Amino acid sequence: MSISHKVVIVGGGAAGIATAASLLKRRSGLDIAIIEPADTHAYQPGWTMVGGGIFEPEVTRRTMASVMPKAVTWIKQAAKSFQPDNNEVTLEDGSTVRYEALVVAPGIRLAWEKIDGLEDALGKNGVTSNYRYDLAPYTWELVQKLKSGRAIFTQPTMPIKCAGAPQKAMYLSCDHWMRAGVLDDIDVEFCNAGGVLFGVADYVPALMSYIAKYGVQLDLGHTLVSVDGPAQKAVFKTEDGEVTREFDMLHVVPPQVAPQFLADSPLAAESGFTDVDQHTLRHNRYNNVFGLGDAGSMPNAKTAAAARKQAPVVAVNVLQQLDGHGPKAGYDGYGSCPLTVERGKIVLAEFGYGGKLMPSFPEWIIDGTKPARLSWMLKADALPWIYWNGMLKGREWLAGPGGLIAQ
């Protein structure tokens with residue numbers, strides 16, 4: 001069986017829904033189908049706040065039906081493979097969907113299985129992760145219970161969604177322990193597979209001041225390779241060989257890879273992600289295919305804020321393609337990572353390609369390189385509202401598409 005739609009979007013996450021909404025704002029009545037098997041849609045940046053005891057988990061999740069644009073055809077199953085030479089997507093049940101333009105936005109896959117023993121360990125024996133809706137409340141439970149011992153927070157090799165999230169979990173935990181008067185009795189370690197605390201140097205001094213404030217042992221070049229939950233031991237690979245650490249609490253961020261059906265397809269770059277031009281977001285080999293969000297090959301930070309900026313660019317360029325023209329909108333690599341360094345203060349990292357600082361506000365309102373209360377209010381109050389009522393509805397506040405960037 002085969003059906004056809006003018007525009008087909010693979011993925012009903014932040015990037016896919018926002019692109020559909022932006023397309024419909026520009027051309028109401030456009031025939032769009034979204035391929036998405038999930039029943040629920042999550043505001044994933046909120047899970048850090050759940051793990052810090054600030055949000056209840058329920059506020060981060062809504063039904064997929066409630067966020068799906070009304071004018072869109074929702075194909076409620078998974079995509080299985082791409083046949084771009086035939087302008088087709090094959091679904092899990094073997095049927096195909098034809099398109100004139102394709103938008104690839106299936107997100108990134110959390111590869112829990114790449115760490116030996118982790119899947120069995122999660123959710124008990126002090127092993128947790130804010131990268132899963134059902135585990136973020138367990139993080140907060142562990143933080144409240146821990147009065148002494150060792151707490152380890154891990155970060156895998158890039159790319160990962162929200163590169164600051166592994167640290168955010170640690171800072172919020174330390175802030176609670178400090179307020180509870182137990183931080184001095186807890187050894188906190190941050191085991192980062194990378195060689196730097198944060199990839200954009202301008203933000204590192206502020207973050208390092210919190211590493212010092214909380215007395216965190218910073219272990220760079222430490223990659224988590226296995227977890228023994230019952231024994232509460234974690235093994236890390238380092239330049240000097242493997243090291244084993246005992247823990248009372250272990251917050252794990254899993255390695256992350258492109259979804260397999262994308263990585264195996266003609267649309268994939270060598271990395272497995274959608275092979276697109278980093279400015280136009282159009283595929284480098286198929287002119288009627290576009291990619292955005294966490295599944296794109298662009299060298300930007302994989303954040304919801306990046307998808308918010310990318311969606312209007314893709315919307316404009318998809319319509320250009322349908323009308324027989326070349327792309328005219330450009331994406332500058334913008335991403336935002338609000339680093340929650342304590343309850344009530346955030347270092348608002350905003351940057352584009354090459355680590356160029358791209359603040360949304362004048363420095364006298366918010367200096368993003370320093371912890372600020374106003375940034376916290378933005379993260380806790382404004383951004384979730386903007387996500388549900390702005391981004392997913394095609395309202396492009398502070399996110400309108402820019403002109404093509406010189407290449």
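Every value quoted in this text rests on a predicted model; they were computed, and no experiment measured them.
- Aromatic pair Y334/Y353: centroids not less than 6.0 angstrom apart.
- Annotation for Q144: atom CD counts as buried by contact number, over 12 foreign heavy atoms lying within 6.0 Å.
- Looking at W177, its side chain never comes within 3.5 Å of a backbone N or O of I186 through a donor-acceptor pair.
- Note that CG of L392 and CZ of R308 are 11.0 Å apart. Values are rounded to the nearest 0.5 Å.
- The shortest distance between side-chain heavy atoms of K233 and R245 does not fall below 4.5 Å.
- In this structure, W112 and V252 approach most closely via the heavy-atom pair CZ3-O, 4.5 Å.
- In this structure, R150 pairs ionically with E189, as a charged nitrogen and a carboxylate oxygen lie closer than 4.0 Å.
- How far CG of D31 is from OG1 of T73: 6.0 Å, rounded to the nearest 0.5 Å.
- E350 places no side-chain N or O within 3.5 Å of a backbone atom of F361 that could act as its donor or acceptor partner.
- Separation of the Y43 and Y387 ring centroids falls under the 6.0 Å cut-off.
- Between V188 and F153 there is a side-chain heavy-atom pair separated by less than 4.5 Å.
- In this structure, a donor-acceptor pair under 3.5 Å is absent between the side chains of Q83 and D85.
- Residues L172 and G52 approach most closely at CD1-CA, 4.2 Å, considering heavy atoms.
- For the atom pair CG (L118) and CG (D228), the distance works out to 12.0 Å, reported to the nearest 0.5 Å.
- Residues T303 and D294 are not in side-chain contact: their nearest non-hydrogen atoms beyond the backbone lie 4.5 Å or more apart.
- Salt-bridge annotation for R285 and D275: present, with a side-chain N of the basic residue lying under 4.0 Å from a carboxylate O of the acidic one.
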Does I34 form a side-chain contact (heavy atoms from CB on, under 4.5 Å) with I17? I'd like the steps, not just the answer. CA-CA 8 Å; I34 294 182; I17 299 281; 4.1 Å; yes
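- Proximity of a side-chain donor or acceptor of T154 to a complementary backbone N or O of C191 within less than 3.5 Å is not detected.
- At distances below 3.5 Å, not a single donor-acceptor pair connects side-chain atoms of H176 with backbone N or O atoms of C174.
- No donor-acceptor pair under 3.5 Å is formed between the side chain of Q256 and the backbone N or O of P159.
- Remark: the D219 side chain and the N192 side chain contain no N/O donor-acceptor pair separated by less than 3.5 Å.
- The closest side-chain donor-acceptor pair between D264 and Q260 falls under 3.5 angstrom.
- Across all non-hydrogen atoms, the minimal contact from L135 to G123 is CD2-CA, 3.6 Å.
- The pair K213-E342 meets the salt-bridge criterion, with a side-chain N (NZ, NE, NH1 or NH2) lying under 4.0 Å from an Asp/Glu carboxylate O.
- Residues W376 and K345 form no side-chain contact, since every pair of their non-hydrogen atoms from C-beta on lies 4.5 Å or further apart.
- With respect to D39 and K76, a salt bridge is recorded, a charged nitrogen being found less than 4.0 Å from a carboxylate O.
- Ring orientation note: the planes of Y203 and F198 are nearly perpendicular, at an angle over 60° on the 30°/60° scale.
- Residues forming a ring-ring contact (aromatic ring centres under 6.0 Å, His included) with W364 (at least two apart in sequence, or on another chain): none.
- Within 6.0 Å of NZ on K370 lie no more than 12 heavy atoms contributed by other residues, nucleotides or ligands.
- Using a 4.0 Å cut-off between charged nitrogen and carboxylate oxygen, E396 and R26 count as a salt-bridge pair.
- Proximity of V318 to L23: side-chain heavy atoms (C-beta onward) are separated by under 4.5 Å at one or more points.
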Kindly determine whether L220 and V196 satisfy side-chain contact (heavy atoms from CB on, under 4.5 Å), including the steps that lead there.
CA-CA 7 Å; L220 299 176; V196 293; 5.6 Å; no
TODO: Start with the C-alpha gap between L183 and Y214, add the side-chain angles, then the distance that decides, and say whether side-chain contact (heavy atoms from CB on, under 4.5 Å) holds.
DONE: CA-CA 8 Å; L183 183 60; Y214 296 134; 3.9 Å; yes
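- The CG atom of L224 sits 6.0 Å away from the CG atom of L250 when rounded to the nearest 0.5 Å.
- Residues I346 and L378 fail the side-chain proximity criterion, which asks for heavy atoms closer than 4.5 Å.
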Any chance you could lay out the side-chain contact (heavy atoms from CB on, under 4.5 Å) test for Q167 and L207, step after step, and finish with the verdict?
CA-CA 9 Å; Q167 292 178 59; L207 298 177; 3.7 Å; yes
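- For L24 against L30, the heavy-atom pair with the smallest separation is CD2-O, 3.9 Å.
- Between the side chains of S22 and T19, no donor N or O sits under 3.5 Å from an acceptor N or O.
- Annotation: the span from F82 atom CZ to S265 atom OG amounts to 5.5 Å, rounded to 0.5 Å.
- Using a cut-off of 4.0 Å between Lys/Arg side-chain N and Asp/Glu carboxylate O, E92 and K80 are scored as not salt-bridged.
- For the side-chain contact (heavy atoms from CB on, under 4.5 Å) with V8, the qualifying choice from I3, I32, I35, I75 is I35, the only one to do so.
- At most 12 heavy atoms of other shown residues, nucleotides or ligands fall within 6.0 angstrom of atom CE in M377.
- With 3.5 Å as the limit, one finds no donor-acceptor pair spanning the side chains of Q321 and N287.
- Side-chain contact check for W47 and T60: at least one donor-acceptor pair (N or O, by modelled atom type) lies under 3.5 Å.
- Not a single donor-acceptor pair under 3.5 Å links the side chain of D175 to the backbone N or O of Y171.
- With hydrogens and angles disregarded, no donor-acceptor distance shorter than 3.5 Å links the side chain of T40 to the backbone of M64.
- Y138 places a side-chain N or O within 3.5 Å of a backbone atom of G126 that can act as its donor or acceptor partner.
- In this structure, I152 and D187 have side chains that are not in contact, with every pair of non-hydrogen atoms separated by 4.5 Å or more.
- Under a cut-off of 6.0 angstrom, the local environment of NZ in K124 is crowded, with over 12 non-hydrogen atoms contributed by other residues, nucleotides or ligands.
- Around the CD atom of E363, the shell of radius 6.0 Å holds no more than 12 heavy atoms that belong to other residues, nucleotides or ligands.
- Annotation for T274 and G291: closest pair CG2-CA, 4.3 Å, computed over non-hydrogen atoms.
- Between K6 and E100, at least one side-chain N (NZ, or NE/NH1/NH2) sits under 4.0 Å from a carboxylate O, which counts as a salt bridge.
- Side-chain contact annotation: D240 with T238, donor-acceptor N/O pair under 3.5 Å absent.
- Checking N130 against T139 by side-chain atom types alone, a donor-acceptor pair falls below 3.5 Å.
- Looking only at distances, no side-chain donor or acceptor of K114 sits under 3.5 Å from a matching main-chain atom of L110.
- The existence of a salt bridge linking E58 and R62 is excluded, since no basic side-chain nitrogen approaches an acidic carboxylate oxygen closer than 4.0 Å.
- Within the model, atoms OG of S297 and CD of E270 stand 11.5 Å from one another, a figure rounded to the nearest 0.5 Å.
- S129 places no side-chain N or O within 3.5 Å of a backbone atom of R132 that could act as its donor or acceptor partner.
- Within the 4.5 Å cutoff, the side chain of F351 has no heavy atoms near those of the S336 side chain.
- Contact record, L267 with Y286: CD2-CD1, 3.7 Å, taken as the closest heavy-atom pair.
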